[in-house]
Asker: 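Here it is: the structure, laid out below.
Both backbone and side-chain heavy atoms feed into the values below; hydrogens, waters and symmetry mates do not.
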Amino acid sequence: MPLHPEIATFLATLPPPPEGPLDPVAMRAAEESHVPPVEKRLPLHAVEDLTAHTASGDVPVRVYTPTAADRHGLLVYFHGGAFFLGSLETHDHVARSLAEETGLKVVSVGYRRAPEAAFPAGLDDCWAVTRWAAEQGGSLGWDGTTLALAGDSSGATFVAAVAARAHDEGFDRITHQILYYPSLDLDFDEDRYASLRENAVGYGLETAGLGPFNAFYLDSGADPADPLVSPVKRKDLSGLPPALVVTAEFDPMRDEGELYGRRLREAGVAATVSRYEGAGHGFVQHFSWIPEYHRVFTETRDFLTRR
């Protein structure tokens with residue numbers, strides 16, 4: 001199907017990208033300027049800003065409690081933003097929707113970003129908060145059952161990397177991994193995946209922009225050949241948690257996500273790959289108000305409750 005008309009209309013209003021090098025400070029400020037005030041956000045039983053005291057240092061987290069129940073399952077959420085954008089604020093609405101639809105308590109992680117923090121600072125923060133959530137389960141009101149990871153775009157990179165790191169270090173508490181349009185191969189050679197060519201131009205995120213947008217992360221020491229940077233390059237995917245991999249029809253990175261899902265299944269991991277037709281990269285963050293794309297949250301709920 002063609003690009004969803006609401007998305008096409010929005011993209012037609014965007015100015016051409018500015019010339020010259022990217023300015024992280026200005027781009028972050030522009031993102032934050034679109035965040036609605038608290039009173040206009042989806043209400044939940046409780047939303048609380050905390051500091052996770054971890055082996056990686058003090059990491060800001062925002063905890064979303066959907067109901068007044070004493071105990072909930074946990075979902076640890078890593079926001080996207082090409083490793084240098086995104087924040088607890090810009091993805092607050094995503095975390096709220098996850099909490100409301102899944103019924104889980106969501107812990108959103110304010111990890112360190114490039115270029116100020118070199119690799120693997122952000123990954124270390126995500127891994128450390130995952131362990132912290134399990135260790136502090138009593139104080140967080142964790143019921144000891146579900147401990148899921150979810151992330152969008154570069155946040156999904158961290159989901160895959162943390163799940164792999166947990167497996168390698170013998171941490172077996174992670175029950176699910178949820179990857180929304182993941183960035184799993186930071187080698188941006190256009191010949192590697194057909195979607196890099198098919199969706200190169202005209203759908204929001206463009207193939208030519210992948211290198212510049214990820215340069216802050218790669219220049220900070222992240223090696224695209226490292227499976228913790230490009231999780232699709234991990235040779236053995238067996239033993240990883242069940243996965244939901246959500247892709248978008250018009251995303252340049254569509255095919256690497258779908259390849260990862262296939263490789264998980266081949267390794268014996270229960271993996272669901274779900275492509276959203278008519279969507280481009282970033283639809284969970286930017287277009288989940290459209291009913292057919294808000295469905296991603298109910299699909300997430302159904303995946304988490306599947307036996």
Side-chain angles (χ1 to χ4, degrees), residues 1 3-7 10 36 40-47 62-69 71-80 86 90-109 133 141-143 145-153 155-156 159-160 163 174-182 241-251 253-254 257-258 260-261 264-265 269-307:
M1 65 178 293
L3 190 66
H4 191 286
E6 294 279 7
I7 298 177
F10 172 77
K40 293 187 177 180
R41 304 181 196 181
L42 177 69
L44 296 172
H45 176 70
V47 178
R62 183 168 293 172
V63 180
Y64 301 80
T65 304
T67 70
R71 297 283 184 222
H72 298 82
L74 291 181
L75 185 151
V76 182
Y77 171 65
F78 311 140
H79 67 77
T90 61
H91 288 66
D92 178 84
H93 63 295
V94 177
R96 286 173 184 264
S97 293
L98 282 169
E100 180 185 55
E101 295 292 348
T102 67
L104 300 180
K105 180 171 285 194
V106 173
V107 179
S108 184
V109 182
W142 182 33
D143 63 11
T145 57
T146 300
L147 177 57
L149 304 181
D152 57 300
S153 191
V159 167
I174 299 170
T175 59
H176 306 78
Q177 52 175 324
I178 301 151
L179 299 84
Y180 301 127
Y181 37 83
L244 171 63
V245 182
V246 170
T247 65
E249 180 182 9
F250 294 110
D251 183 359
M253 296 187 291
R254 179 196 68 208
E258 295 179 0
Y260 190 66
L264 284 169
R265 288 197 294 264
V269 176
T272 299
V273 176
S274 181
R275 181 190 291 189
Y276 278 66
E277 303 297 330
H281 190 83
F283 76 87
V284 175
Q285 180 187 2
H286 298 295
F287 297 105
S288 57
W289 54 270
I290 300 174
E292 50 263 59
Y293 300 138
H294 189 82
R295 181 177 64 83
V296 74
F297 298 115
T298 56
E299 182 175 21
T300 299
R301 176 200 64 206
D302 294 344
F303 166 70
L304 290 166
T305 56
R306 191 179 304 151
R307 298 299 181 190

Asker: Indicate yes or no for a side-chain donor-acceptor contact from R254 to the backbone of T247 under 3.5 Å, with no hydrogens or angles considered.
Answerer: no

Asker: Can you tell me how far apart CG (L304) and CD (E101) are? Round to the nearest 0.5 Å.
Answerer: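 Spacing of CG (L304) from CD (E101) equals 12.0 Å.
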
Asker: If we ignore angles and hydrogens, is there a donor and acceptor under 3.5 Å between the side chains of H79 and Q285?
Answerer: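 Q285 and H79 do not have a side-chain donor-acceptor pair below 3.5 Å.
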
Asker: Could you pull out the closest heavy-atom pair between V284 and H93, with the gap in Å?
Answerer: O-NE2, 4.5 Å

Asker: What about F287 and Y293, are their ring centers closer than 6.0 Å?
Answerer: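 No; Y293 has its ring centre 6.0 Å or more from that of F287.
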
Asker: Any luck finding a side-chain donor-acceptor pair between E299 and Y276 under 3.5 Å?
Answerer: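 E299 vs Y276: donor-acceptor pair found between side chains.
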
Asker: Between F10 and H286, does the ring centre distance come in under 6.0 Å?
Answerer: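 Between F10 and H286, the centre distance exceeds or equals 6.0 Å.
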
Asker: Do you see a donor-acceptor pair shorter than 3.5 Å between the side chains of H176 and T146?
Answerer: no

Asker: Any side-chain to backbone donor/acceptor pair from D152 onto G80? Under 3.5 Å, distance only.
Answerer: yes

Asker: Show your working on side-chain contact (heavy atoms from CB on, under 4.5 Å) between E292 and E277 and close with a plain yes or no.
Answerer: CA-CA 9 Å; E292 50 263 59; E277 303 297 330; over 6 Å; no

Asker: Going through the distances and angles, do E258 and V245 end up as a side-chain contact (heavy atoms from CB on, under 4.5 Å)?
Answerer: CA-CA 7 Å; E258 295 179 0; V245 182; 6.0 Å; no

Asker: For P66 and A99, work out which heavy atoms get closest and say how close.
Answerer: CB-O, 3.4 Å

Asker: With no hydrogens and no angle check, is any side-chain donor or acceptor of H294 less than 3.5 Å from a backbone partner on S288?
Answerer: yes

Asker: Under the side-chain contact (heavy atoms from CB on, under 4.5 Å) test against Y64, which residue among D92, L98, L42 passes?
Answerer: D92

Asker: So which of T300, D302, I178, T305 actually passes side-chain contact (heavy atoms from CB on, under 4.5 Å) with T102?
Answerer: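 By the side-chain contact (heavy atoms from CB on, under 4.5 Å) criterion, T102 pairs with just one of T300, D302, I178, T305: T300.
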
Asker: Would you please name every residue forming a side chain to side chain contact (heavy atoms under 4.5 Å, CB included) with T145, sequence neighbours left out?
Answerer: D143

Asker: Look at the side chain of R41 and the backbone N and O of P36, then say whether any donor-acceptor pair between them is shorter than 3.5 Å.
Answerer: yes

Asker: If you apply the rule side-chain hydrogen bond (donor to acceptor under 3.5 Å, both in side chains), what do you find for H72 with T65, and how did you get there?
Answerer: CA-CA 8 Å; H72 298 82; T65 304; 5.7 Å; no

Asker: Atom NE2 of H45 and atom NZ of K105: how far apart are they, to the nearest 0.5 Å?
Answerer: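 So the NE2 of H45 and the NZ of K105 are separated by 8.0 Å.
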
Asker: Quick check against the 3.5 Å criterion: does T298 have a side-chain atom that pairs as donor or acceptor with the backbone of R295?
Answerer: yes

Asker: Pick from T175, L104, L149: which one makes a side-chain contact (heavy atoms from CB on, under 4.5 Å) with L75?
Answerer: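 Single side-chain contact (heavy atoms from CB on, under 4.5 Å) partner of L75 among T175, L104, L149: L104.
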
Asker: Could you give me the CA-CA distance, side-chain angles and deciding distance for V273 and Y260, then say whether side-chain contact (heavy atoms from CB on, under 4.5 Å) is met?
Answerer: CA-CA 9 Å; V273 176; Y260 190 66; over 6 Å; no

Asker: Checking E249 side chain against A279 main chain: does a donor-acceptor pair fall under 3.5 Å?
Answerer: no

